[in-house]
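Please read the structure below before turning to the comments.
All values reported here derive from a predicted model rather than from experimental measurement. For the single chain, residues carry numbers from 1 onward in sequence order. Just so you know, ligand 1 is whichever comes first in the structure, and atom 1 is the first atom listed for that ligand.
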Amino acid sequence: MYEIIDGKSLSMRLRAEVAAHTAELEEKYGRRPCLAVILVGNNPASQTYVRNKERACEACGIKSLMYSFNEDISEEQLIKTVNALNADEGVDGILCQLPLPCHISEEKITDTIAPEKDVDGFSPVSLGNLLSGKDSFLPCTPAGIIEMLHAYSIPVSGKHCVVVGRSNIVGKPAALLMLRENATVTVCHSHTKDLAEETRRADILIAAVGRPKFITADMIKEGAAVIDVGINRSEDGKLCGDVDFENAAPKCSAITPVPGGVGPMTVTILMKNTVKAFEKRFAEK
Ligand code: NDP
């Protein structure tokens, strides 16, 4: 019998804790933490993600400021906006919803966000700190995965973890965090020779590929814990992960569903990072 790793209910619990904490912070410092969210264009998926983040802010007692721009905003204008938010004393965290239109360099925008406000954890400073084991803002999705593993008491130390995907925002930082948790880590990608052979050796399998139901039951070891990061649409238009949940789940000891697994935890870590940014700024004053 497999266990469902319920990221939604875990998130609700954690968000209630964050709300209690932000109420204390407001009492102590006279204001709540504040997150500025930048949205460019009208990509429906991005709009949904941003709405979810706004709702989470509300639930956590975090002030959210929305900056919406038309698709044709120039890179220069966007950089100016980020710099203004960097300098704004009332803003603790800055998030720019990706993807951005092709004429804007995502790297340039991410690099412009001040490291002390980089609550997404995507900046080179945050990623460098992660690599060298220093305290920093952890990228939200990988940090959410670790919280889930801890919350469900899934042993990581000494286990073999296979991460499928090596993006800078999910695969690579997830691998580094699992390494930090003392797992033995294999990272797979599109050039991996025999992917199924690799994934079948995983005690913990993290799928971050972006292909619907790509990881099939035969690619999973009996009793593995499976973390499905993917957010895709299946042929019938339904939301699904990178793992063929229906057929794979009976082989697993624990598995995250999509939706309701990694997604809500990603947003919850964003909330925690925003509170951390606020506390760090006040501690330094
Ligand atoms: P990217 O497209 O940046 O990376 C995908 C990775 O998958 C790449 O490293 C790629 O390899 C690898 N890959 C592609 N095809 C194969 C293959 N046939 N075999 C093995 N590896 C392959 O995606 P992201 O990391 O940004 O996102 C991955 C998924 O997670 C997406 O569905 C995204 O929507 C979702 N996501 C979910 C979040 C959440 O909160 N739940 C947050 C962020 C993302 P290579 O490097 O060689 O090209």
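Taking a 4.0 Å cut-off on heavy atoms, A208 registers as neighbouring ligand 1. Residue contact annotation: M265 has no non-hydrogen atom under 4.0 Å from ligand 1. The closest approach between a heavy atom of T192 and any atom of ligand 1 is not below 4.0 Å.
Surrounding CE of M12 are at most 12 heavy atoms belonging to other residues, nucleotides or ligands under 6.0 Å away. Within a 6.0 Å sphere centred on NZ of K221, heavy atoms belonging to other residues, nucleotides or ligands number more than 12.
Contact check on K117 versus D88 returns no salt bridge, with no Lys/Arg side-chain nitrogen under 4.0 Å from an Asp/Glu carboxylate oxygen. Salt-bridge formation is detected for the pair R31/D92: a Lys NZ or Arg NE/NH1/NH2 atom is positioned less than 4.0 Å from an Asp or Glu carboxylate oxygen. Salt bridge status for K193 with E198: absent, with no side-chain N to carboxylate O gap under 4.0 Å. Ion pair K213/E246 not flagged as a salt bridge, since none of the NZ, NE, NH1 or NH2 atoms sits closer than 4.0 Å to an Asp/Glu carboxylate oxygen.
Ring geometry for Y67 against F69 counts as parallel: the plane angle stays under 30°, on a 0 to 90° scale with 60° as the upper cut.
Protein heavy atom nearest atom 15 (N) of ligand 1, with residue, atom name and distance: R211 NE, 3.6 Å. At the top of the distance list for atom 29 (C) of ligand 1, counting protein heavy atoms only, stands G210 N, 3.7 Å. Looking from atom 17 (C) of ligand 1 to the surrounding protein, the closest heavy atom is F214 CZ, 3.6 Å. The single protein non-hydrogen atom nearest to atom 36 (N) of ligand 1 is V229 O, 3.7 Å, given as residue, atom name and distance. Atom 12 (C) of ligand 1 has its closest protein heavy atom at G165 CA, 4.1 Å. Of the protein's heavy atoms, S190 N, 4.3 Å lies nearest to atom 10 (C) of ligand 1. In this structure, the protein non-hydrogen atom closest to atom 8 (C) of ligand 1 is R166 N, 4.0 Å. Considering only non-hydrogen protein atoms, atom 4 (O) of ligand 1 sits nearest to S167 CB, 3.9 Å.
Within the 4.5 Å cutoff, side-chain heavy atoms of F122 are placed close to those of L98. With contacts defined as side-chain heavy-atom distances shorter than 4.5 Å, the pair S46/L39 qualifies.
Residue S105 comes nearest to E75 through the heavy atom pair N-OE2, 2.8 Å, listed as atom of the first residue, atom of the second, then distance.
Under a 4.0 Å criterion applied to the non-hydrogen atoms of G263, ligand 1 contributes the atoms 40 (O), 41 (N). Close approach of ligand 1 to T266 (heavy-atom distance below 4.0 Å) involves ligand atoms 39 (C), 40 (O). Listed by number with element, the atoms of ligand 1 under 4.0 Å from a non-hydrogen atom of N232 are 32 (O).
Taking each of I215, V209, T199 in turn, the one with a heavy atom nearest to atom 5 (C) of ligand 1 proves to be V209.
Checked against a 3.5 angstrom limit, the closest N/O atoms of V170 and ligand 1 fall outside it. Taking only nitrogen or oxygen atoms, main chain and side chain alike, I169 does not reach within less than 3.5 Å of ligand 1.
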Next on the checklist: Test side chain to side chain donor-acceptor pair (under 3.5 Å) on N129 and D135; report intermediate values, then the result.
Outcome noted: CA-CA 7 Å; N129 283 337; D135 179 48; over 6 Å; no

